Amino acid sequence: MSFNHQEIEKKWQDYWARHKTFKTDTYADKEKVYALDMFPYPSGAGLHVGHPEGYTATDIFSRMKRMQGYEVLHPMGWDAFGLPAEQYALDTGNSPAAFTEENIATFKRQIKELGFSYDWDREINTTDPNYYKWTQWIFTKLYEHGLAYMDEVAVNWCPALGTVLANEEVIDGKSERGGHPVIRKPMKQWMLKITAYADRLLEDLEEVDWPESIKEMQRNWIGRSEGAEITFHVDDHSEQFTAFTTRPDTLFGATYAVFAPEHPLVEKIVTTEQKEKVDAYLKEIETKSDLERTDLAKEKTGVFTGAYAINPVNNEKMPIWIADYVLMGYGSGAIMAVPGHDERDFEFARKFELPIKEVVAGGDLSREAYTDDGEHVNSDFLNGLYTDEAIVKMIEWLEEKGIGTRKVTYRLRDWLFSRQRYWGEPIPIIHWEDGSMSAVPEEELPLELPEMDEIKPSGTGESPLATSDWVHVTDPETGMKGRRETNTMPQWAGSCWYFLRFIDPNNPDKLADPDALKEWLPVDIYIGGAEHAVLHLLYARFWHKFLYDIGAVPTKEPFMKLFNQGMILGEGNEKMSKSKGNVVNPDDIISTHGADTLRLYEMFMGPLDAAVAWSTNGLDGARRFLDRVWRLIVNEDNELSDKIVDTHEASQMDKVYHETVKKVEEDFENLHFNTGISQLMVFINEGYKAETIPKKYIEGFVKLLSPVAPHLSEEMWQILGHNNTISYEKWPEYDESKLIEDEVEIVLQVMGKVRAKMNVPKDITKEELEKQALQHEKIQEFLEGKTVRKVIVVPGKLVNVVAN
RNA sequence: GCGGGUGUGGCGGAAUUGGCAGACGCGCUAGAUUUAGGAUCUAGUGUCUUGCGACGUGGGGGUUCAAGUCCCUCCACCCGCACCA
């Protein structure tokens with residue numbers, strides 16, 4: 001007989017809700033554990049089977065920690081601002097708020113049906129004014145500290161979405177959401193000065209327990225490089241420019257200079273003879289999208305400006321070219337080209353027949369650029385030095401002459417923070433008619449979004465808010481008129497700090513009580529998808545460091561341990577997608593197999609971080625295991641099976657039980673759920689073979705199973721004669737002595753090959769073990785006619801006889 | 001191209017410090033039970049071989065008494081970055 005999952009799951013979900021079983025006591029005396037999920041964007045499509053994977057992992061961890069006596073904070077909320085709701089509102093004329101609310105209701109129902117042990121009293125919604133009041137408050141603090149500023153920048157304007165996108169939201173020249181074309185357009189935008197934190201964001205990665213791949217991605221994204229900035233004069237002009245280089249030691253080999261096409265100096269220095277060609281080139285570049293520019297980048301293009309720069313180290317004239325392989329957005333948008341020792345410069349010099357000069361010996365410059373270390377030549381005072389020393393000496397020389405300095409450059413750009421959208425947190429800034437600007441005072445926050453009958457693009461590139469009366473303000477004291485900022489914040493804003501609010505979600509006076517933050521921070525385990533490796537995780541770290549600097553949070557880093565769950569693929573090993581029709585809906589699985597089965601299956605599929613294909617057979621197998629557990633413990637009359645006996649006598653289950661407790665605890669602690677579950681299966685297999693099973697072992701087993709399959713475990717716990725929830729029962733302990741048997745099996749090898757096995761007492765001496773092994777009949781057989789050269793004895797494991 | 005990662009049965013995957021490769025699950029085979037079953041229980045299941053045995057962790061080489069694990073080299077796939085000076 002199998003259990004009725006629909007009945008049991010409903011029963012215990014109701015019980016937990018009614019008793020508020022998972023309510024967290026913020027100020028409990030117990031030691032604290034904070035287990036966090038990346039909260040979802042509540043899309044109209046509802047929950048996907050990928051969501052429960054990470055959620056189940058943190059839930060198992062949380063449930064185990066509760067049973068081990070910790071006070072656990074395990075919350076859930078909604079990252080509910082975002083483009084799809086606004087797009088829906090534009091398409092249908094309905095309000096994004098109502099649409100969002102419906103989606104949240106669906107998500108919440110689905111998540112509750114999976115039996116996660118969230119403290120629902122801490123539910124957070126980023127679109128709730130009580131929440132975004134503090135998102136706005138953080139913005140005003142950033143503004144006060146000079147970290148939020150407005151700048152005219154060439155932004156990624158997406159005409160289809162009617163908004164500006166951050167660099168990270170543009171993939172191959174198209175919008176990350178929707179795949180619409182994106183063009184460059186100069187606009188006045190809000191920026192956050194994340195670059196001010198670049199070094200700390202880099203350095204503090206050392207302190208956190210994150211996957212190396214994610215740390216590496218963040219390091220690459222920040223892209224720190226050390227070098228020098230060198231000033232060059234333009235020949236016959238009063239103009240000068242700077243170029244950044246990581247190889248100042250090769251300055252003697254700089255034979256030409258290259259500007260990015262957008263470099264402001266280009267129009268000033270271009271000669272009349274070359275103007276036509278330069279203009280044509282600029283025009284060609286302008287009409288290319290970013291996508292084309294990177295695509296066509298394989299073949300280098302460029303044009304001579306007619307002007308020359310003076311190489312400060314030898315006063316030689318270097319022709320100045322423009323080429324789009326030099327990027328305006330990095331360094332100063334101008335480079336000194338050293339074709340002998342830089343592959344890109346080499347390629348360019350070859351194509352345009354520019355001189356190539358060797359200054360580091362060791363390569364063959366007729367074939368390729370030589371970028372490795374070597375002895376410097378043709379370099380005056382650097383001759384004979386190797387790269388490291390030559391760099392130091394050259395920088396000293398440049399600094400002495402006042403024509404260059406040591407310089408660190410980053411790939412990381414400041415964070416483009418405004419969106420021309422309605423459905424986001426309003427940026428709490430007022431632009432006054434006298435041209436000044438001020439932040440909305442704290443006591444006036446939250447600055448709520450006005451309700452609008454119709455949300456339509458303003459047509460001017462401003463957000464729909466520009467069409468509302470809401471924008472107009474008058475200073476009650478001076479009577480000065482002003483206009484509210486109409487840009488809103490990007491979706492990343494609300495998720496930058498939500499984990500702080502979970503700690504003290506209803507605090508009206510502060511973002512959260514500092515004492516409570518001290519108790520719970522940093523987050524002990526944070527699980528979510530790898531797609532947030534740079535954006536969300538870098539932005540959240542930046543805000544956290546800022547809040548740390550102003551004394552609002554007590555830790556430098558927000559997330560101590562991070563883990564990325566893998567993707568669940570469709571049965572054909574392809575990504576699940578509507579168009580392929582291979583999407584698995586959790587609702588269907590809960591209905592046919594039950595939430596416990598879904599949880600168990602997703603954890604048993606493979607390692608948590610692996611991408612594994614969904615398998616209906618595998619899912620059936622998970623259900624079969626739970627049925628086996630049920631049938632072993634519960635009889636036809638829904639009572640405890642006669643096989644379970646209340647005894648303290650020694651049992652054949654002793655060893656496997658203690659092994660199971662040990663392995664399950666260790667594996668769950670390390671998020672190795674697949675192997676922990678396999679051990680639970682081993683225990684049940686042994687249980688089927690045994691005549692009787694001590695009740696205490698079955699109780700221990702049900703506790704071990706309960707984090708994975710909580711509904712079924714609660715039901716069995718009740719059948720075992722308990723009236724309370726299993727959620728706070730003491731986690732089982734194992735007895736190390738029960739793991740060791742009196743006899744151990746020893747592997748006997750000859751020349752490294754297993755030839756026989758034998759059982760010996762566990763405390764046998766090395767000498768005795770060797771003696772017995774050599775006497776073993778089978779071994780004797782193999783040693784016939786051979787001379788024993790050496791015998792390797794590993795106590796408790798094996799004996800290897802070397803003979804020939 | 002650069003950086004990171006992964007390659008183990010028919011499939012998903014296990015294997016402290018190098019020490020019995022293939023735990024557990026799926027699938028498959030046989031038997032039991034059943035009116036019947038795609039239910040349940042029991043046994044088997046890396047490959048080759050009648051057997052003894054031999055071979056076997058992407059390919060090749062090396063270190064070692066002993067290699068999935070360490071070293072060298074090549075290949076394939078996945079992820080990230082992509083002219084970052």
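Each chain gets a letter, A, B and so on, in the order its sequence line appears, and its residues count up from 1. Just so it is clear, the structure is predicted and the values come from calculations on it, not from any experiment.
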Name all residues meeting the side-chain contact (heavy atoms from CB on, under 4.5 Å) criterion together with [X]; count only those two or more places apart in sequence or in a different chain, and write none if there are none.
X      : answer
A:P211 : A:S213, A:I214, A:L562, A:N564
A:E368 : none
A:V747 : A:Q749, A:V754, A:L798
A:H263 : A:F259, A:L265, A:V266, A:M328, A:A334

**Message:** Just to verify, what does A:E659 make a salt bridge (Lys or Arg N to Asp or Glu O under 4.0 Å) with, not counting sequence neighbours?
**Reply:** A:K655

**Sugar-phosphate or base contact per nucleotide [nucleotides 2-15 of chain B; S, B, -; heavy atom under 4.0 Å]** = -SS-------BSS-

**salt bridge (charged side-chain N to carboxylate O under 4.0 Å, His left out) pairs, two or more places apart, involving residues 596-605 of chain A** = A:D59-A:R599

Could you state the atom-to-atom distance from [atom1] of [X] to [atom2] of [N] in whole Å?
X      : N     : atom1 : atom2 : answer
A:I684 : B:A23 : CD1   : P     : 19 Å
A:M217 : B:C78 : CE    : C1'   : 12 Å
A:L704 : B:C24 : CG    : P     : 18 Å

**Message:** Show me the pairs that pass side chain to side chain donor-acceptor pair (under 3.5 Å) and involve residues 243-252 of chain A, at least two apart or across chains.
**Reply:** A:R247-A:D249, A:D249-A:H376

What protein N or O atoms touch nucleotides 62-67 of chain B N or O atoms at under 3.5 angstrom, if any, and at what distances?
unit_1, atom_1, unit_2, atom_2, d
B:C65, O2', A:N800, ND2, 3.3
B:C65, O2, A:N800, ND2, 2.5

**Message:** I want to confirm an ordering. Mapping A:R411 and A:V754 to their closest nucleotides on RNA chain B, which one lands closer to the 5' end?
**Reply:** A:V754

**Asked** Any ring-ring contact (aromatic ring centres under 6.0 Å, His included) pairs touching residues 606-629 of chain A, not counting sequence neighbours?
**Response** A:Y601-A:W614

Filtered N/O pairs between nucleotides 38-41 of chain B and protein, under 3.5 Å:
unit_1, atom_1, unit_2, atom_2, d
B:U40, O3', A:R631, NH2, 3.0
B:C41, OP1, A:R628, NH1, 2.9
B:C41, OP1, A:R631, NH2, 3.1

**Item:** Under the 3.5 Å Watson-Crick or G-U criterion, the dot-bracket string of RNA chain B, with | for inter-strand pairs
**Value:** (((((((..(((......[....)))((((((.......))))))(((....)))..(((((..]....))))))))))))....

